2 protein chains.
Amino acid sequence: MTISARIHYATLALTELAIRHPGRTPVAVREITGRHGIPGPFLVQILRTLRSAGWVESIRGSQGGYRLSVEPADLTLLEIADVVGCPESNCFGEATETPANQMLQETWEAANEASRQVLSRTTLAEIAARATHGEQVMFYI
Amino acid sequence: MTISARIHYATLALTELAIRHPGRTPVAVREITGRHGIPGPFLVQILRTLRSAGWVESIRGSQGGYRLSVEPADLTLLEIADVVGCPESNCFGEATETPANQMLQETWEAANEASRQVLSRTTLAEIAARATHGEQVMFYI
DNA sequence: TAGATACTTGATCCATTTAGTCAAGTATTG
DNA sequence: CAATACTTGACTAAATGGATCAAGTATCTA
């Protein structure tokens, strides 16, 4: 579970959309890239992935933008990382199946699973809630 | 904590040396690459790193090879991964310090720490012991 | 209906990392 | 002296991650 910039950006963007979720107003890409330091066209690429995952929907034309199409509480950081990140190919050492090899594979797997557990316990809603706390916007909702 | 082939190979090699540790006989590179499916010159490169970490010593000349210079029980998988793996640069998002950004950084860090915990709880000695069990060599020592 | 806004798509590029190789050299043993 | 085996440094090749561009399409507003 390496957290790439892609995963980080994706989560930031989703957080932004989650904060603006209640109103259901589309948020333009430029608004997201402006607030966080995300390179423009790169975010577009990431949003494409998020859309094909069914988590955001896009509205074209003027006044268009992106909008969350799932409940923030239903989306965990693990799911985001799995969809946006790379396929995770933890399968070396197929060649020789020595006991040492197998034992190690299991340990690597256990370590990986531990970090996945952590990510699966945090939802987008929690991130958004705590993020808005910091910005003192909580009280205006 | 991505487990690269480099880390996997390094641990396999150290395990091999740990098994042969009691006798203190040097083990040639070829013996290690033979038993596990490790590409020859690549392992040499890895062993160089292990030597500069002070974990193995090399004996030149005929009958030479590599030998463990630490106790297997004192070496954890985490230490191996840290020395052999890449430097781990988890520092994106320095640009904007939004609350969302900070929260995420903490969560990524927590996930990473969880997997490090797992790796820190397994020692080379345990791997070696269980590996020899499988090979039924335990009884001949 | 024109024009501005904003998403869509596909191709492309660059830098870094990872994996793996080669060759010339040095030390040790028998 | 010859065989064995480590030493060193440079080098290549493929994959991945990060990022950009340009031409196109849809929508709203004046």
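Every chain is numbered from 1, with letters handed out A, B, ... down the list of sequences. Since we're looking at a predicted model, the values are computed, not measured.
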Is any side-chain N or O of B/S58 closer than 4.0 Å to OP1 or OP2 of D/dA5?
no
Could you give the CD1-to-P distance, from A/I7 to D/dG17, as a whole number of Å?
9 Å
Expressed in angstrom and rounded to an integer, what is the separation of B/L17 atom CG from D/dC6 atom C1'?
14 Å
Comparing A/G64 and A/V44 on DNA chain C - which has the more 5′ nearest nucleotide
A/G64
Separation of B/L43 atom CG from C/dT21 atom P, in whole Å?
12 Å
Select base, sugar-phosphate, or nothing to describe what B/P39 touches, counting heavy atoms under 4.0 Å on all strands.
sugar-phosphate
Using 0.5 Å steps for rounding, measure from the CD atom of A/E106 to the CE atom of A/M103.
6.5 Å
Atom-pair distance (CZ on B/R30; P on D/dA3), nearest Å:
14 Å
How many whole angstroms separate atom CZ of B/R60 from atom C1' of D/dA2?
17 Å
Atom-to-atom span, CZ of B/R67 to P of D/dA5 - whole angstrom
16 Å
Is B/R24 paired with B/E57 through a side-chain N to carboxylate O contact shorter than 4.0 Å?
yes
For B/R67, give me all partners under side-chain hydrogen bond (donor to acceptor under 3.5 Å, both in side chains), at least two apart in sequence or on another chain.
none
Is it true that B/L17 and B/I59 fall in one hydrophobic cluster, defined by side-chain heavy atoms closer than 4.5 Å?
no
Looking at every strand, decide which applies to A/G65 at a 4.0 Å heavy-atom threshold: base, sugar-phosphate, or nothing.
sugar-phosphate
Gap between atom NE2 of A/H8 and atom CG of B/L104 - 0.5 Å precision
5.5 Å
Within-4.5 Å side-chain heavy-atom neighbours: B/R6 and B/F42:
yes
Taking only side-chain N and O atoms of B/Y9, does any of them lie within less than 4.0 angstrom of OP1 or OP2 on C/dA19?
no
Between the side chain of A/N112 and the main-chain N/O of B/S115, is any donor-acceptor distance below 3.5 Å?
no
Between CD1 on residue A/I80 and CD1 on residue A/I46, distance to nearest 0.5 Å
12.0 Å
Please give me every residue in residues 46-55 of chain B whose heavy atoms get under 4.0 Å of an atom in DNA chain D, ordered by residue number.
B/R48, B/R51
With the sugar-phosphate defined as primed atoms, P, OP1 and OP2, and the base as all remaining atoms, what B/S/- string results for nucleotides 12-18 of chain C, 5' to 3', for protein heavy atoms under 4.0 Å?
------S
Linking I/L/V/M/F/W/Y whenever any side-chain heavy atoms sit under 4.5 Å apart, do A/V118 and A/I127 land together?
no
Output the rounded distance in Å from CD1 (A/I59) to P (D/dT27).
11 Å
B/Y66 OH to C/dA27 P, straight-line distance once rounded to whole Å:
15 Å
